Number of protein chains: 2
Amino acid sequence: MTATSSPHTYTIKEAAALTGLPASTLRYYESVGVIAPVGRGETSMHRVYTDGDMNLLVGVACLAATGMSVSDMRRYVANGALGAAAADEQIQLLEERAERLAAEARLIKIRQQYVKIKIEFWRATAAGDDTEVARLTAAARDLAQKIKPVK
Amino acid sequence: MTATSSPHTYTIKEAAALTGLPASTLRYYESVGVIAPVGRGETSMHRVYTDGDMNLLVGVACLAATGMSVSDMRRYVANGALGAAAADEQIQLLEERAERLAAEARLIKIRQQYVKIKIEFWRATAAGDDTEVARLTAAARDLAQKIKPVK
DNA sequence: GTAAAAACTTCAAGTACTTTAAGTCAACGG
DNA sequence: CCGTTGACTTAAAGTACTTGAAGTTTTTAC
């Protein structure tokens, strides 16, 4: 490795591009304590993101994408600093995410079926095929019944 | 119940599941005038969604999914652009929605993998298995790369 | 039947960003 | 050196839901 360090740093714009989070959201997460205050430029007030910051932020972006709340993200990140001691709680937070994702996947399948039926419905409507329109309307209604067992 | 009539109506919960919009959002859209006030039960105050309401709402859900603002949705619906006469446009919207749902399903699978890896990561951390921790850290990073382009 | 549970209602307050306003700082052309 | 362009800063206001509380109604279970 060359020399002491490759202290590669990123501007907020680069950090936004790499995490997929808007710059405004990065500032927001910092302001509400999801992440610790980021370092600033010597002369300017501009935020300077390190590789370590970027690693953390990529993880935070993933959690945000699973719908984790800001307060849970705050907990999760704080626990991350604690290391192995907090493993149990981390696992619990993650298992809640897994459950939510599974439920979401089930609903998406139903919606895909529903959208498919509706496309056929509008084609039949445009074609003036009243019989088919009635059949598809009933099919859509049947799909509603499938929702109940999902609970 | 005798089969004299098939009312083809939906509760707010069914409407929510089929449109993909939460019940609270359906009420909200009604309150801010994106959709006209929905019919109510004879004896109760409960909303009763007809097939016509559902067709409109599915269209609205498509618009919402593409990030259209509430004020634009209001104007769009008021213009009748989501009426029965606009079957072609409905189909166009629904096909975009089908694509979006497919993309969402893919994304959810990736997120499920990410959460799974993170759970394993914390289990390995708790067990002090440094080799496994390193492997899972790398796996999480690889997966993060897959998520970026989708967003 | 009656009684508990689940689903619905409104309204107010909360959440998670997002945008806007007003200003600072750094780089480039003239 | 000076002006202008553009990225950055904070703070406050705005947007689009979301949740909670308190109270009906409908469904379920005995």
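Keep in mind it's a predicted model, so treat the numbers as computed, not measured. Lettering follows sequence order; numbering is per chain, from 1.
- Note that OG1 of Thr125(A) is 11.5 Å distant from CZ of Arg123(A), once rounded to the nearest 0.5 Å.
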Dot-bracket pairing map - DNA chain D, Watson-Crick plus G-U, both contacts under 3.5 Å, | cross-strand: ||||||||||||||||||||||||||||||
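- Checked against side-chain hydrogen bond (donor to acceptor under 3.5 Å, both in side chains), Ser71(A) has the following partners two or more places apart in sequence or in another chain: Ser69(A).
- Remark: Tyr76(B) pairs with Glu89(B) by the side-chain hydrogen bond (donor to acceptor under 3.5 Å, both in side chains) rule, at least two apart or across chains.
- Of the possible polar contacts, one joining the Gln90(B) side chain to the Leu82(B) backbone as a donor-acceptor pair under 3.5 Å is found.
- At most 12 heavy atoms of other shown residues, nucleotides or ligands fall within 6.0 angstrom of atom CD in Gln92(A).
- For DNA chain D, the neighbouring residues in residues 26-41 of chain A, judged by any heavy atom under 4.0 Å, are Arg27(A), Arg40(A).
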Anything under 3.5 Å between a protein N or O and an N or O of nucleotides 25-28 of chain D, put it in a table, one pair a line.
unit_1	atom_1	unit_2	atom_2	d
dT26(D)	OP1	Thr43(B)	OG1	2.3
dT26(D)	OP1	Ser44(B)	N	3.3

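- Chain A approaches DNA chain C over the interval dA16(C) to dA26(C), counting the first and last nucleotide 5' to 3' with an atom under 4.0 Å from its heavy atoms.
- Mapping Arg47(A) and Ala64(B) onto DNA chain D by nearest heavy atom places Arg47(A) at the nucleotide closer to the 5' end.
- Taking the side-chain hydrogen bond (donor to acceptor under 3.5 Å, both in side chains) definition, one finds that Lys118(A) meets it with Asn55(B), sequence neighbours left out.
- Partners of Thr25(B) under the side chain to side chain contact (heavy atoms under 4.5 Å, CB included) rule, at least two apart in sequence or in another chain, are Leu21(B), Pro22(B), Tyr29(B).
- Within the structure, salt bridge (Lys or Arg N to Asp or Glu O under 4.0 Å) pairs that include any residue of residues 8-24 of chain A do not occur (at least two apart or interchain).
- When the ring-ring contact (aromatic ring centres under 6.0 Å, His included) test is applied to Tyr10(A), the partners found at least two apart in sequence or on another chain are His8(A).
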Side chains of residues 36-43 of chain B: which donor-acceptor pairs under 3.5 Å do they make with residues two or more places apart or in other chains?
unit_1	atom_1	unit_2	atom_2	d
Arg40(B)	NH1	Met45(B)	O	2.4

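- Residue contacts shown for Ser24(A) include a base, since a base heavy atom lies under 4.0 Å away.
- A salt bridge links Glu120(A) and Lys116(A); the closest N-O separation between the charged side-chain nitrogens and carboxylate oxygens is under 4.0 Å.
- Listed by first then second residue, pairs satisfying salt bridge (Lys or Arg N to Asp or Glu O under 4.0 Å) with a partner in residues 67-77 of chain B read Asp72(B)-Arg75(B), not counting sequence neighbours.
- Salt bridge absent: Arg27(B) and Glu30(B) never bring a charged side-chain N and a carboxylate O closer than 4.0 Å.
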